[in-house]
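Computed from a predicted model, the values in this text were never measured in an experiment.
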Amino acid sequence: MPNYFSSLVLLATSLAVPQAWGQTPLTPHTAEYKVFYGDIELGKGRFRLEAPTDTGIYNYYFDSALSLLVLSDVRHLRSEFTQDTTEPQKLLPIRYMHEREGTGPNFREQTAFAREQGNVYTRYKDEKGKFEYSDTLFDPLMVQLQFRMDISAGKQPLDYSMVKSNEIDDYEFKILGKEKLKLESGVYDTVKIEVVRDPKKKRQTFFWMAPDLSYLPVRLTHFEKGDKQLDIQLLNYHYADEPAAKPTSTASTNLTESEQTPVSGR
């Protein structure tokens with residue numbers, strides 16, 4: 001089973017345009033994707049953002065189930081975060097949980113961002129970690145929403161640090177330009193983005209985001225030594241208070257009633 005999770009995290013991530021239906025990256029929504037290994041479909045993954053609670057806490061979920069022959073990989077992720085009261089464009093993580101089951105070792109990961117204590121506490125595969133708190137640290141799930149908010153606002157540079165697997169990983173992204181993308185779910189006007197890596201690693205990751213859908217990612221491809229390893233494509237999406245399956249002028253979707261129902265969070 002290829003390691004698709006890091007690619008989904010990136011999917012998850014200076015050309016601001018008006019948003020359709022007045023939506024933003026923080027508008028409650030669901031988005032479902034197909035995951036391919038080469039031409040082989042492995043399964044699906046779905047993101048779901050709920051409306052904030054009365055105390056201003058957001059819950060963001062990701063659930064996936066993939067399989068290849070006798071191999072399987074099932075994951076459930078949840079991120080709790082809030083907006084900075086003095087700078088609403090900045091998101092502050094509170095708690096992150098990740099459960100993985102399937103072929104190979106199962107594991108759980110938990111991270112608590114204790115802002116008042118000035119620390120970040122982690123637990124991954126029964127190993128504990130501790131880092132100094134910083135409002136520039138994110139978890140691997142809600143960082144996608146921060147990225148979408150930043151690119152909508154034209155922020156540069158697009159650099160992010162996230163706590164993952166008891167480590168702090170740094171990512172840098174580069175905007176390559178605009179591109180029209182045709183998928184099974186519709187035709188989208190997109191911005192193409194590349195993950196910046198050392199050329200010696202011979203790995204490339206590109207993803208495409210649709211400005212008309214508040215920069216929702218519509219595709220991600222990952223290459224190893226020039227060969228496409230993973231291809232993740234948007235299958236359907238739905239924003240709250242938006243007519244279901246209502247396309248923008250350049251994007252169309254094929255939502256069924258059952259596909260509009262969010263998966264249960266875990």
Side-chain angles (χ1 to χ4, degrees), residues 1-13 25 28-50 58-81 93 95-111 124-125 138-145 147-148 162-165 169 171 183-185 195 205-209 213 216-222 224 228-239 253-256 258-266:
M1 178 73 66
N3 184 9
Y4 80 101
F5 178 67
S6 294
S7 296
L8 283 169
V9 166
L10 296 176
L11 180 70
T13 46
H29 63 276
T30 61
E32 187 173 24
Y33 296 83
K34 283 185 177 181
V35 181
F36 296 88
Y37 177 61
D39 295 327
I40 303 173
E41 182 177 343
L42 300 178
K44 296 181 177 66
R46 173 172 288 200
F47 295 89
R48 175 168 61 96
L49 176 65
E50 293 184 344
Y58 288 84
N59 283 277
Y60 192 34
Y61 300 88
F62 173 73
D63 298 277
S64 68
L66 307 183
S67 62
L68 177 64
L69 300 176
V70 298
L71 307 178
S72 65
D73 187 289
V74 178
R75 299 182 188 242
H76 306 294
L77 288 73
R78 185 179 73 175
S79 173
E80 296 179 11
F81 65 92
R95 186 177 295 106
Y96 170 76
M97 288 155 281
H98 175 190
E99 296 182 359
R100 187 269 179 192
E101 297 179 350
T103 306
N106 301 331
F107 67 81
R108 297 185 64 185
E109 179 179 4
Q110 299 180 356
T111 306
Y124 174 66
K125 294 183 177 179
F138 301 94
D139 73 48
L141 192 55
M142 54 77 68
V143 70
Q144 301 171 27
L145 299 172
F147 182 90
R148 291 170 60 188
M162 67 184 76
V163 182
K164 184 176 71 170
S165 306
D169 291 341
Y171 287 87
L183 301 176
E184 179 182 339
S185 59
V195 181
T205 304
F206 303 96
F207 56 100
W208 292 258
M209 309 179 83
L213 302 178
L216 184 73
V218 298
R219 189 175 191 177
L220 180 146
T221 58
H222 178 71
E224 297 275 356
K228 183 188 294 185
Q229 298 294 308
L230 283 172
D231 189 11
I232 302 170
Q233 301 181 19
L234 179 65
L235 179 62
N236 59 69
Y237 67 90
H238 176 62
Y239 280 87
T253 57
N254 297 308
L255 276 173
T256 65
S258 61
E259 289 170 332
Q260 296 166 22
T261 304
V263 295
S264 58
R266 292 173 171 83

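- Ring-plane geometry between Tyr60 and His29 is classed as tilted, the angle between the planes lying from 30 to 60 degrees on a 0 to 90 degree scale.
- Across Pro140 and Met162, no two heavy atoms sit closer than the pair CA-SD, 3.8 Å.
- Ring pair Phe107/His98 is perpendicular by interplanar angle, where above 60° counts as perpendicular and below 30° as parallel.
- For Gln233 against Leu183, the heavy-atom pair with the smallest separation is OE1-CD2, 3.8 Å.
- By the 30° and 60° cut-offs, the orientation of the rings of Tyr239 relative to Tyr237 is perpendicular.
- Distance OH/Tyr124 to OG1/Thr111: 11.0 Å, rounded to 0.5 Å.
- Between atom NE2 of residue His238 and atom CD of residue Glu32 there is a gap of 13.5 Å, rounded to the nearest 0.5 Å.
- Of the possible donor and acceptor atoms, none in the side chain of Ser67 sits under 3.5 Å from a partner among the backbone N and O of Ser72.
- Here the CD-CG distance, from Glu41 to Leu66, works out to 9.5 Å after rounding to the nearest 0.5 Å.
- Considering OG1 of Thr221 and CD1 of Ile232, their distance stands at 9.5 Å, rounded to 0.5 Å.
- For Met142 against Phe81, the heavy-atom pair with the smallest separation is CB-CD2, 3.8 Å.
- Side chains of Arg148 and Leu216 form a contact here, defined as non-hydrogen atoms less than 4.5 Å apart.
- Within the 4.5 Å cutoff, side-chain heavy atoms of Leu234 are placed close to those of Tyr33.
- When atom types are taken as modelled, the side chain of Arg100 and the backbone of Pro105 share a donor-acceptor pair closer than 3.5 angstrom.
- Closest approach of Tyr171 to Val195, counting heavy atoms only: CD2-CG1, 4.4 Å.
- The backbone N or O of Ser165 lies less than 3.5 Å from a partner atom in the side chain of Glu109, making a donor-acceptor pair.
- A pairwise comparison of heavy atoms in Thr103 and Leu71 identifies OG1-CA, 3.2 Å as the closest pair.
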Worked check of side chain to side chain contact (heavy atoms under 4.5 Å, CB included) between Asn236 and Arg46
CA-CA 9 Å; Asn236 59 69; Arg46 173 172 288 200; 4.0 Å; yes
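- Arg219 is listed as a side-chain neighbour of Asp231, based on a closest heavy-atom distance under 4.5 Å.
- Between the CZ atom of Arg78 and the CE atom of Met97 there is a distance of 3.5 Å, given to the nearest 0.5 Å.
- Nearest heavy-atom pair across Ser64 and Gly45 is CB-CA, 3.9 Å.
- The CD atom of Gln229 sits 15.5 Å away from atom CZ of Phe36, with the distance rounded to the nearest 0.5 Å.
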